[in-house]
Amino acid sequence: MAQVKLPDGSTKEVANGTTVEELARQIGAGLARAAIAARIDEQLVDLSVPITADVSVQIITSKDKESLEIMRHSCAHVMAEAICSIWPETKLVYGPTVEDGFYYDVDLDEAIRPVDFELIEKKMTEIVKADSSFVRKEISREEALSKLSGDKYKTDNINRAEGDVISFYSHGDGFEDLCRGPHVPSTGKVGSFKIMSVAGAYWHGDPTQKMLQRVYGTSWSTKKELDEYLQILEEAKKRDHRVLGKQLDLFSFNEAGPGFAFMHSGGMIIWNSIVDFWRSVHNRYGYGEIKTPIILNEELWHKSGHWDNYKENMYFSEIDGVGYAIKPMNCPGGCLVYKFRQHSYREFPIRVAELGLVHRHEASGVMHGLFRVRQFTQDDAHIFCTPEQIESEIVGVIELTFEIYRAFGFEDFHIELSTKPEKHIGSDEMWDTATNALKGALKRKEIDYQINEGDGAFYGPKIDFHIKDCLKRSWQLGTIQLDFSMPERFGLVYTDKDNTEKTPVMIHRAVLGSFERFIGIIIEHYGGSMPLWLAPEQVRVLPISEKSSEYAEVVENRLKDAGLRCSVDLSNEKIGAKIAKAHGEKLPYMLVIGPKEAETNAVNVRIRGVQENKTVGIDEFLESAKCKVVDKEIDLSI
RNA sequence: GCUGCUGUAGCUCAGCUGGUAGAGCGCGUCCUUGGUAAGGACGAGGUUAUGGGUCCGAGUCCCAUCAGCAGCUCCA
């Protein structure tokens, strides 16, 4: 007999060798029906596992979050069988679960196309209907290796697996796959699924290896959950900044310059509003602002180390027979400005910001709307200071960064610290000092962070800031990078207290990262419905008919005098159509006016997304709107 | 850069196995002068991404180039 401890604290005695499934049945028929897998002493196992000692057991049902992963993994096996039955020459590689679903990498010369998904799903449905059991078989590592000796992918998987026992799972007639498990008891329990997409993926993520086909699928406990998930995907699609940018006439791309964004006047209003805010904050934090040239002599880039470490991403040109480079970063230019005159320790720290336009030749396949472009504006800054000042300067940058993020409603951030990469300049000692300074500042601000070993820039370690948008998607924005080597390379010095020349420390930092990308992020974050202070057009006056054109002009002038961005819709349309059009353009405020309003110097205010409307005096509206702009308020209600 | 898919009117898309382009929205003109999420009529718009090829004939089939999309690798 074995003593089984259950999650509610109770114990149950069962015969030695009782399977978990039998245990579930003894507890209750409902539980047995709902059971997907189990956890024995912290380890996830199949229901068919026998209990042979005193253990604690938790039966996992679809209510537990672990079940979804198990289900999806099983679903991946079902998909693998379906693919193998359609294309018998398929070699299976690896099929894990991912967030929201699973994929299976397969080696198959014939391309699987989206039109084939239906066929795969049909085959899967047959396998699910058969409801055949998942059967686990364990053999020794040696046996497994000889069994699969002809299969380089599975042999590789065995070599990567831990332990001496290698397990296989089979279901139905003949389908078997190397797998750690656990699995749902039978193919009928893989949930509601859908094949999502297919794309190429290198074996082991290594570009020198064969390109495999990665088939993505998703599965959920119920059809309803699957439909909800597909619905959310639809919603995210509507928020796509590439779609909204086109629809709202904010920016565009053209074949004439792949990866180079064209900012339209609407997009530039958003841009300039952010710049105004950004400048005011930087001014308050003691930054000066400079602007350095986009094209600089190639020699400079040899000196900075970019030629050796970043050449493949740079654009080059020639002027009067002399080599020039288009800047991919602003720091060398910043160093030249520093060098323009002498500096004393008394001036330190010197904080110099630059909205620098940089060009980087990104691989053609990685471009993505405003998120990944070949030309972008960094909200860069370089701080020159003494080693003693590093920590407090970093603390200052962190405070400034958080203040800016909060203005856009980003409250959920996390920080990552990246250390020395393989390709780097500077001594190990330098790297240690720099890395410790960053850690010190984070400790002082009591900020938790994650460490990414080997992920730093070639000239120094860095801290990266990540934010989460309203759809809980994470984005990297700001970065702080310590640099002890660039000042040395450029021969930057300052005169210290003891009247000797010393090399300053240089801190590179960006808060928003790239203006282009940040604008893309906030478009998605706000779903195109920009807060008043960022909205390209803030108010539109909608006269009921031509008879009110004159009063519309009066209202428009009042709005313009108050500094609000506005227009009047004088089109020959009924009021309903004008409202619908303004809503489509995501106008924050619509002021409906007719003879009634004209009589009392009033406006009837309609707010974006709100059905009810309210008549107020012009002055009252202006006062409220002006305050909302100044306070960067998101709520539009008056 | 790699793999796969896509490219038709300003936008979103239709166009079956090859037989000389179509809708809705938008745009223009006119009618209508209206009270809160799209009134009506008429009309203008396309070397079907580009360049080759097969064919009596190509939006449709084949090849190349360019661009976009989904991923992979890389990255702000």
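All chains are named by letter (A, B, ...) in the order of the sequence lines, taking the proteins before the strands, and each is independently numbered beginning at 1.
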Starting at [atom1] of [X] and ending at [atom2] of [N], how long is that distance when rounded to a whole Å?
| X | N | atom1 | atom2 | result |
| --- | --- | --- | --- | --- |
| A:Gln247 | B:G26 | CD | P | 13 Å |
| A:Asp107 | B:U3 | CG | P | 14 Å |
| A:Asp569 | B:G26 | CG | C1' | 14 Å |
| A:Lys210 | B:G1 | NZ | P | 22 Å |
| A:Ile120 | B:G4 | CD1 | C1' | 13 Å |
| A:Lys246 | B:G26 | NZ | C1' | 14 Å |
| A:Leu248 | B:G26 | CG | P | 16 Å |
| A:Phe260 | B:A67 | CZ | P | 11 Å |

Over-ring placement of A:Lys311 relative to A:Trp301, 6.0 Å and 45° cut-offs:
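Cation-pi check for A:Lys311 and A:Trp301: fails.
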Is the NZ or CZ atom of A:Arg72 both under 6.0 Å from the centre of the six-membered ring of A:Phe102 and within 45° of that ring's axis?
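Not flagged: A:Arg72 not positioned over aromatic ring of A:Phe102.
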Mind checking the [atom1] distance from [N] to [M]? Whole angstroms is fine.
| N | M | atom1 | answer |
| --- | --- | --- | --- |
| B:G46 | B:C63 | C1' | 26 Å |
| B:G28 | B:G59 | C1' | 28 Å |
| B:A58 | B:U54 | C1' | 10 Å |
| B:U17 | B:C61 | P | 8 Å |
| B:G53 | B:C27 | P | 42 Å |
| B:U33 | B:C69 | C1' | 47 Å |
| B:G4 | B:A64 | P | 11 Å |
| B:U47 | B:A9 | P | 9 Å |

For [N], the Watson-Crick or wobble partner whose two distances fall under 3.5 Å:
| N | value |
| --- | --- |
| B:U12 | B:A23 |
| B:C75 | none |
| B:U29 | B:A41 |
| B:U17 | none |
| B:U50 | B:A64 |
| B:G4 | B:C69 |

What does the B/S/- profile of nucleotides 34-49 of chain B look like, 5' to 3', with a 4.0 Å heavy-atom cutoff to protein?
BBBBBB----------
Readout for nucleotides 70-76 of chain B: B = base within 4.0 Å of protein heavy atom, S = sugar-phosphate only, - = neither; 5' to 3' it is BBBBBBB
Any A:Val358 side-chain heavy atom under 4.5 Å of A:Asn330 side chain:
yes
Cationic N near anionic O, under 4.0 Å, A:Arg160 to A:Asp156:
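Yes, charged N to carboxylate O under 4.0 Å.
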Using a strict 4.0 Å threshold on nitrogen-to-oxygen distance, state whether A:Arg279 and A:Glu354 make a salt bridge.
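A salt bridge is absent here (no side-chain N lies under 4.0 Å from a carboxylate O).
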Hey, mind stepping through A:Ile398 and A:Leu400 against side-chain contact (heavy atoms from CB on, under 4.5 Å) and telling me if it holds?
CA-CA 6 Å; A:Ile398 292 172; A:Leu400 173 148; over 6 Å; no
Does B:G18 count as syn, meaning its glycosidic angle lies within 90° of 0, or as anti?
anti
Mark yes when over 12 heavy atoms from residues, nucleotides or ligands other than A:Lys210 sit less than 6.0 Å from its NZ; otherwise mark no.
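Yes, the 6.0 Å shell around NZ holds more than 12 heavy atoms from other groups.
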Between CE of A:Met124 and CD1 of A:Ile83, what distance do you get to the nearest 0.5 Å?
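It is 8.0 Å, given to the nearest 0.5 Å.
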Just to verify, which of A:Leu244, A:Ile270, A:Leu370, A:Ile519 counts as forming a side chain to side chain contact (heavy atoms under 4.5 Å, CB included) with A:Leu250?
A:Ile270
Holding to salt bridge (Lys or Arg N to Asp or Glu O under 4.0 Å), I want the full list of residues that pass it with A:Lys291, two or more places apart in sequence or in another chain.
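With sequence neighbours excluded, A:Lys291 shows a salt bridge (Lys or Arg N to Asp or Glu O under 4.0 Å) to no residue whatsoever.
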Carefully, step by step, assess A:Tyr216 and A:Tyr104 under the rule ring-ring contact (aromatic ring centres under 6.0 Å, His included).
CA-CA 7 Å; A:Tyr216 284 86; A:Tyr104 216 115; over 10 Å; no
